Protein chains: 2
Amino acid sequence: MVSFTEENYLKIIYKLSAETDSEISTNAVAELTQTKAASVTDMLRKLSEKQLVSYQKYQGVRLTEKGEEVALKVIRKHRLWEVFLVNKLGFNWDEVHEIAEELEHINSEELVQRLDDFLDCPQFDPHGDPIPDKNGKMPEFGYKNLSGIAINQQVVMMGVAQHSTNFLQYLAKIGLNLGVNITVLEINDFDKSMTINNGGNSNCFISHEVAKNILVKNVK
Amino acid sequence: MVSFTEENYLKIIYKLSAETDSEISTNAVAELTQTKAASVTDMLRKLSEKQLVSYQKYQGVRLTEKGEEVALKVIRKHRLWEVFLVNKLGFNWDEVHEIAEELEHINSEELVQRLDDFLDCPQFDPHGDPIPDKNGKMPEFGYKNLSGIAINQQVVMMGVAQHSTNFLQYLAKIGLNLGVNITVLEINDFDKSMTINNGGNSNCFISHEVAKNILVKNVK
DNA sequence: ATATTTTTTTAGATTAGTCTAAAATTTATT
DNA sequence: AATAAATTTTAGACTAATCTAAAAAAATAT
Ligand SMILES: [Mn+2]
Ligand SMILES: [Mn+2]
Ligand SMILES: [Mn+2]
Ligand SMILES: [Mn+2]
């Protein structure tokens with residue numbers, strides 16, 4: 001049995017692992033779980049005993065295969081519920097993350113399968129994130145961060161790497177939604193901020209922090 | 001803030017209150033929460049401090065108005081989710097209770113409202129139980145227990161007073177579903193068991209225990 | 001009206017998850 | 001290589017929810 005809390009730790013370690021090849025630090029986990037490092041250490045020991053992570057003290061943590069499986073199941077549920085909330089209940093994409101944080105812990109394989117069918121087996125959630133299939137396979141797709149795109153290269157916005165209501169509402173305000181055509185017009189050397197065109201006839205200025213959280217693909 | 005566990009206690013006290021006018025006993029709560037009487041006593045003291053129940057030691061417990069409000073919200077969510085699971089995801093009515101026990105604790109007024117709309121504001125759940133509206137009002141309907149119906153009085157099955165998979169599958173096996181026409185053919189004095197006709201051309205024999213858990217209304 | 005039985009409460013422990021403060025270890029800097 | 005700084009772990013404590021065993025109160029039976 002994996003508890004609600006343990007599931008959250010696993011999900012967060014999974015997310016951090018996607019960004020680095022090396023071990024995940026206690027502090028990194030503490031930041032995302034919104035707990036103190038001391039609490040994380042306790043939990044890592046427990047997860048390690050359950051063989052869900054491999055962990056040696058002071059050496060950081062990694063998911064085991066079993067741990068990754070659990071994490072992917074939680075992520076699958078999170079994203080399927082987000083699709084449900086947006087496509088079926090009419091929520092806006094900036095309102096669903098918090099609710100999905102609760103729904104993702106509902107335990108029923110049958111429920112997930114039926115929900116998946118009901119939603120026509122979506123490949124992506126409302127934020128453009130890929131949804132793992134029932135075997136934990138993530139659909140492949142080579143999205144890049146807008147922050148790494150060169151000047152004058154035309155791209156299409158396909159996703160976001162951050163789900164907070166704040167961030168998503170900011171994007172809406174400056175006219176950035178999934179599917180929008182983006183062209184980088186100018187990059188400021190000193191802080192990597194950008195001026196971009198969002199397909200319409202208005203340009204906008206975004207910080208590097210924002211650009212890093214926008215996922216795009218090239219236009220062929 | 002009302003915790004998951006506190007919500008369950010309130011829901012159970014609500015259910016017990018529907019069956020009696022008097023105070024609810026510690027043991028009665030312990031039985032339904034599947035805990036020991038000592039644990040119930042602790043919880044009652046806590047709920048009392050939060051003004052969700054009125055409780056004096058050795059005198060049993062009652063919901064306050066505030067406590068009833070919380071209980072009704074949880075019951076509303078439970079029943080709406082059951083409708084969703086059956087009507088939208090195609091679950092059988094005997095498979096949904098346990099899943100709804102988890103879903104009922106998801107916290108979002110907005111979610112409940114949208115779910116209600118999505119389901120076209122149903123008045124009854126798949127077991128025939130009335131769904132409280134957003135103000136906590138239960139739709140009125142004068143269903144009676146089959147156990148109190150006289151011989152030869154024709155009635156229609158409208159609900160069940162028990163949601164366990166076991167019980168519901170047993171009903172299916174003997175041909176009893178919502179909407180079926182029932183006529184009591186014989187009542188055995190010594191144990192109140194009955195022979196009934198279920199509208200088709202087969203009769204069946206049911207115990208008093210079963211009859212008490214079947215809700216019916218008269219045919220005009 | 002006592003005695004017995006049943007119910008309920010208290011006392012004391014346990015587990016999961018968290019915290020603060022102090023100690024240990026690792027990493028970075030001189 | 002020694003020292004300073006940052007990170008991580010340990011020690012000890014707290015809260016929520018639960019338990020068992022014993023004590024207290026209420027209900028029932030004689
Ligand atoms: Mn999300
Ligand atoms: Mn998402
Ligand atoms: Mn139910
Ligand atoms: Mn029901």
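Chain identifiers are assigned alphabetically (A, B, ...) following the order of the sequence lines, protein sequences preceding nucleic acid strands; residue numbering begins at 1 within each chain. Only a predicted model underlies this, so the values are computations on that prediction, with no experimental measurement involved.
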From CE of A:Met43 across to P of C:dT15 the rounded distance in Å is 16 Å
Contacts under 3.5 Å, N or O only, protein and nucleotides 2-5 of chain D:
none

- prompt: With sugar-phosphate meaning primed atoms plus P, OP1 and OP2, does A:Phe4 contact a base, only sugar-phosphate, or nothing at under 4.0 Å between heavy atoms?
  reply: nothing
Between OH of A:Tyr55 and C1' of D:dT10 the distance, given in whole Å, is 11 Å
When rounded to whole Å, the CG to C1' distance for the pair B:Asp42 and C:dA11 reads 10 Å
Applied to residues 3-59 of chain A, the ring-ring contact (aromatic ring centres under 6.0 Å, His included) test, sequence neighbours excluded, yields A:Phe4-A:His105
Answer with yes or no whether the side chains of A:Ser164 and A:Asn166 bring together a donor and an acceptor at under 3.5 Å. no
note: B:Lys36, atom NZ; C:dA11, atom C1'; distance rounded to Å ~ 17 Å
Distance-only check: which donor-acceptor pairs under 3.5 Å involve side-chain atoms of residues 81-89 of chain A, not counting sequence neighbours?
residue	atom	partner	partner atom	Å
A:Trp81	NE1	A:Leu103	O	3.4
A:Glu82	OE1	A:His127	ND1	2.9
A:Glu82	OE2	A:His78	NE2	2.8
A:Glu82	OE2	A:His97	ND1	3.4

Atom CD of B:Gln56 and atom C1' of D:dA25 are separated, to the nearest Å, by 15 Å
Polar atom pairs (N or O), protein with nucleotides 21-26 of chain C, under 3.5 Å:
residue	atom	partner	partner atom	Å
C:dT25	O4'	A:Tyr58	OH	3.4

- Query: Is any side-chain N of the basic residue among B:Arg76 and B:Asp133 closer than 4.0 Å to the acidic one's carboxylate O?
  - Reply: no
So, with a heavy-atom separation below 4.0 Å from DNA chain D, the residues of residues 6-29 of chain B are B:Tyr9
Between B:Lys73 and the options B:Glu109, B:Glu68, B:Glu7, B:Glu104, the salt bridge (charged side-chain N to carboxylate O under 4.0 Å, His left out) test singles out B:Glu109
With distance as the sole criterion, is a donor-acceptor pair present between the side chains of B:Ser22 and B:Thr20 under 3.5 Å?
no
dist B:Leu10:CG -> B:Lys15:NZ (nearest 0.5 Å) comes out at 12.5 Å
By the 4.0 Å heavy-atom rule, please label B:Ser39 as base, sugar-phosphate, or nothing.
base
Quiz item: When you measure from the centre of the six-membered ring of B:Phe91, is the NZ or CZ of A:Arg114 under 6.0 Å away and within 45° of the axis?
Solution: yes
B:Arg45 CZ to C:dT9 P, in whole Å, measures 8 Å
| said: Under a 3.5 Å threshold, yes or no: a donor from one side chain and an acceptor from the other, between B:Asn27 and B:Ser25? | reply: no
Atom pairs, N/O to N/O, protein against nucleotides 2-6 of chain C, distance under 3.5 Å?
none

Here the distance between atom C1' of D:dA16 and atom CD of B:Glu49, to the nearest Å, is 13 Å
Rounded to whole Å, NZ of B:Lys50 lies from C1' of D:dT15 at a distance of 12 Å
